[in-house]
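Below: one structure, written as structure tokens.
Below, chain A is the first sequence line, B the second, and so on; all start at residue 1.
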Amino acid sequence: MWQPTRVEQDRLKKVAELEALGMDLYPARVQRTHTTAEALAAYQAAEAANAENPEEITVTVCGRIRRANIKGKVAFMHIEDEHGRLQLFFRINDVGAEAYEPIKQKLIEVDDFVQASGTMMRTKAGEISVRVQSYQLLAKSLSPLPVVKQRVDDDGNVIEYGEFSDVEMRYRQRYADLAVNRDVREVFKKRSKIIRAMRNFLDDEGFLEVETPILQPIYGGAAARPFTTFHNELQQELYLRISFELYLKRLLVGGYDAVYEIGRDFRNEGVSYKHNPEFTMMEFYKAYIDYKGVMEIVEQMTAFIAQEVNGSLKINYQGEDIDLTPPWPRITLRDAIIQYSGIDYMEYRTSEDLFEALRDIGDEIEPGLTWGRMIDHLLGKYVEPQLRQPTFIMDYPRDISPFAKQVTGDDFHVERFEWFIAGMEMGNAFTELNDPRDQEARFLEMKKLYADEDDEATPLDEDYLRAMRYGMPPSGGFGMGVDRFVMLLTNQRSIRDVLLYPHMRPEG
RNA sequence: GGCCCCGUAGCUCAGUUGGCAGAGCACCUGACUUUUAAUCAGAGUGUCGUAGGUUCGAGUCCUACCGGGGUCACCA
């Protein structure tokens with residue numbers, strides 16, 4: 001239930017006064033001939049053509065009032081639309097005493113949406129403005145937005161005085177955050193550009209964009225706990241997908257050479273600066289390449305997107321210079337772990353021996369993990385934080401990679417790589433396992449290894465095996481966390497800053 | 001889930017040893033026909049996150065809870 005604050009009560013009084021004047025506070029019909037940016041550009045063009053006496057330009061513009069300076073019988077307001085700001089110049093002589101009164105009385109004020117018609121001009125101070133002949137209220141604002149005063153300096157930089165920075169309120173009321181913080185709007189515009197560039201790249205490479213089920217009877221393709229839900233009519237237990245992998249590879253069986261999907265994944269895990277329960281994933285699968293072919297595509301795609309969006313392959317992330325120019329270093333997981341922890345896990349080929357080796361270097365790892373998981377621990381703790389520049393870490397332990405093809409002549413490793421930048425995992429890829437007999441054995445192996453963990457930790461997907469038995473061409477597959485990639489290119493510290501509506505606990 | 005930090009006006013914040021609840025901006029009243037962080041003259045508008053406790057007296061000290069941030073754990 002809304003409890004109006006004192007300021008909101010003031011605004012409700014103004015609402016009553018405006019309605020007493022017969023004004024429609026929320027009209028359905030609007031006119032607009034120019035955005036703020038178009039109106040400015042039109043006047044600048046007219047000035048360029050004839051500086052002394054520019055052609056008279058008539059405009060009707062719309063926007064939210066962001067600043068109002070009522071100076072007796074004249075008033076200045078800045079309206080803002082998505083494209084910028086524009087000053088409106090009201091004179092009582094121009095709009096008439098009756099129409100001027102609501103402005104003078106501040107019945108129409110900051111935060112309201114207005115439409116204004118007039119001719120373009122420059123004020124004495126030099127600011128391009130609309131000399132308003134008539135105006136109309138488009139939407140009355142009942143609740144004040146946080147106050148952030150702005151000034152544009154001589155170089156065109158926007159300087160803000162005061163700020164709206166309460167993190168919780170910014171996430172819970174993203175609309176207010178966006179309305180007030182221009183740089184936040186820019187982040188999400190850039191996010192859109194990044195995803196568009198990704199699509200353009202993949203489309204041009206001959207990939208087909210597809211959509212696969214989010215509600216799945218059996219989840220799989222990644223290491224994560226799922227969300228569960230229920231279909232009432234069918235009396236069916238369902239999972240929200242944790243990856244697209246198994247459905248996309250079925251499409252290679254179906255005859256497509258290359259497919260990709262960009263969409264939402266759901267993982268029932270902790271929340272952190274790089275984890276949100278739902279997040280955007282991009283996965284692609286391409287026939288007739290292996291994981292090294294995938295590396296080349298990933299390098300080229302990253303370079304293409306960075307060039308499209310930032311105009312450069314060099315970025316600065318949180319004060320750190322990062323160069324995305326391909327090719328990137330390719331280091332085996334074994335070598336990387338030797339380099340950063342001093343342990344060569346191939347000298348400890350049982351989980352018991354490796355556990356002792358970890359304890360010997362002072363690691364407080366808990367007992368009972370599988371050999372592969374201990375190696376994953378070594379990667380996460382000693383290697384990952386050190387990988388600042390783009391790096392491929394390749395050849396992973398078999399028991400944590402059930403969908404990757406074994407490295408030829410090596411019983412311990414599979415052809416898998418993970419891609420890291422700025423100490424964060426960006427992506428994960430395999431030479432895809434397409435031997436249905438081996439795949440079935442892996443499913444059973446997983447079941448045995450992790451049987452005592454959460455129920456159904458590794459469900460065996462019979463339909464996926466059926467598809468594999470028809471035959472899938474040798475393929476390379478890739479998945480990446482789009483949000484983390486957006487963080488990188490927009491220089492945002494937290495995944496919450498690249499999600500419009502990050503997950504929050506319910507409001508008290 | 002463990003540990004640490006934070007929660008005071010619409011926004012950003014201060015608040016001493018426990019002693020009348022504060023500032024800037026916003027809002028409100030008034031002046032002003034080219035301002036632009038407008039200016040000038042007035043006025044403080046509050047469930048100090050919530051509930052208990054200690055005390056003559058709590059924004060301040062104690063306990064629990066709620067919410068947020070950080071970090072560790074979890075994330076085959």
Side-chain angles (χ1 to χ4, degrees), chain A residues 3-11 13-14 66-78 85 87-94 100 104-106 109-111 121-127 129 131 143-153 158-172 176 180 220-226 242 267-275 277 364-366 369-377 380-381 396-403 425 442 445-454 457-458 493-494 496 502 504-508:
Chain A
Q3 299 287 342
T5 63
R6 203 189 61 83
V7 176
E8 288 170 332
Q9 287 168 21
D10 283 336
R11 289 200 174 182
K13 278 184 212 151
K14 294 179 182 187
R66 297 282 287 143
R67 166 183 165 264
N69 177 15
I70 316 301
K71 258 182 66 71
K73 295 189 175 63
V74 297
F76 300 87
M77 291 184 184
H78 278 148
R85 281 185 172 221
Q87 181 165 265
L88 305 181
F89 175 47
F90 296 83
R91 282 202 312 166
I92 191 167
N93 297 12
D94 292 332
Y100 190 74
K104 167 124 183 162
Q105 299 299 322
K106 291 196 182 180
E109 62 196 316
V110 168
D111 299 334
M121 56 158 309
R122 258 186 208 278
T123 63
K124 201 175 279 178
E127 179 165 351
S129 310
R131 183 191 300 278
S143 299
L145 287 167
V147 176
V148 178
K149 290 196 173 187
Q150 294 181 333
R151 181 170 70 87
V152 180
D153 71 10
V158 177
I159 299 169
E160 293 191 342
Y161 300 87
E163 58 179 337
F164 173 47
S165 57
D166 183 288
V167 175
E168 182 177 356
M169 215 186 303
R170 283 186 45 228
Y171 296 153
R172 286 196 196 279
V180 165
R225 260 173 303 191
I242 58 171
R267 296 188 180 177
N268 210 336
E269 292 161 1
V271 174
S272 81
Y273 75 96
K274 52 183 178 181
H275 296 90
E364 292 176 355
I365 189 168
E366 57 185 276
L369 295 182
T370 65
W371 190 72
R373 276 201 183 174
M374 275 187 258
I375 293 168
D376 199 42
H377 167 85
K381 182 162 178 182
Y396 278 61
R398 176 189 159 99
D399 77 78
I400 54 170
S401 316
F403 299 106
E425 183 193 337
R442 299 287 192 92
E445 204 175 303
M446 291 301 114
K447 208 164 201 167
K448 209 162 88 188
L449 275 172
Y450 303 108
D452 42 345
E453 304 204 346
D454 355 84
T458 315
R493 199 171 46 81
S494 168
R496 299 183 196 96
M504 302 289 272
R505 281 194 168 80
E507 266 182 278

[M] and [N], which share atom name [atom1], separated by this distance in whole Å:
| N | M | atom1 | answer |
| --- | --- | --- | --- |
| B:G18 | B:G59 | C1' | 10 Å |
| B:U16 | B:G2 | C1' | 34 Å |
| B:G57 | B:G15 | P | 26 Å |
| B:U8 | B:A41 | P | 31 Å |
| B:C3 | B:A64 | P | 10 Å |
| B:G7 | B:C11 | C1' | 15 Å |
| B:A43 | B:A51 | C1' | 36 Å |
| B:G24 | B:C61 | P | 27 Å |

Would you mind classifying the nucleic acid contact of [X] as base, sugar-phosphate or nothing, using non-hydrogen atoms under 4.0 angstrom?
| X | value |
| --- | --- |
| A:Arg267 | nothing |
| A:Arg505 | sugar-phosphate |
| A:Ile92 | base |
| A:Lys274 | nothing |
| A:Phe89 | base |
| A:Asp166 | sugar-phosphate |
| A:Met77 | nothing |
| A:Gln150 | sugar-phosphate |
| A:Asp10 | sugar-phosphate |
| A:Glu8 | nothing |
| A:Ser165 | sugar-phosphate |
| A:Arg131 | base |

Pair A:Arg11 + A:Glu109, salt bridge at N-O below 4.0 Å: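 Salt bridge: yes.
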SB check A:Asp10 A:Lys14 (cutoff 4.0 Å):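 Result for this pair is no, no salt bridge flagged.
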Toward the 5' end of RNA chain B, by each residue's nearest nucleotide, A:Gly372 or A:Arg151: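 Here A:Arg151 is the residue nearer the 5' end.
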First of A:Val7 and A:Leu145 reached from the 5' end of RNA chain B, by closest nucleotide: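 First, find each residue's nearest nucleotide; the 5'-ward one identifies A:Leu145.
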Options B:C25, B:U35, B:G67, nucleotide nearest the side-chain atoms of A:Val147: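 For A:Val147, the side-chain atoms sit closest to B:C25.
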Out of B:C27, B:A26, B:U36, whichever nucleotide has its closest atom nearest the side chain of A:Glu127: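 Taking heavy atoms from C-beta onward, the closest nucleotide is B:U36.
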base_contact_polar (B:C28 base, A:Arg6 side chain, donor-acceptor, <3.5 Å):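 Donor-acceptor pair under 3.5 Å: no.
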For the residue pair [X] and [Y], establish whether any side-chain heavy-atom pair is separated by less than 4.5 Å.
| X | Y | result |
| --- | --- | --- |
| A:Asp94 | A:Phe90 | no |
| A:Glu8 | A:Gln3 | no |
| A:Phe164 | A:Met169 | yes |

Would you say [X] reaches [N]'s phosphate, i.e. side-chain N/O to OP1/OP2 under 4.0 Å?
| X | N | answer |
| --- | --- | --- |
| A:Lys73 | B:U34 | no |
| A:Lys14 | B:C28 | yes |
| A:Lys106 | B:C28 | yes |

Stem segments of RNA chain B by first residue number [Watson-Crick or G-U, under 3.5 Å, at least 3]: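 RNA chain B stems, ordered by first number: B:1-7 with B:66-72, B:10-13 with B:22-25, B:28-31 with B:39-42, B:49-53 with B:61-65.
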Residues A:Arg85 and A:Gln150: side-chain donor-acceptor under 3.5 angstrom: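 Per modelled atom types, A:Arg85 and A:Gln150 side chains form a pair under 3.5 Å.
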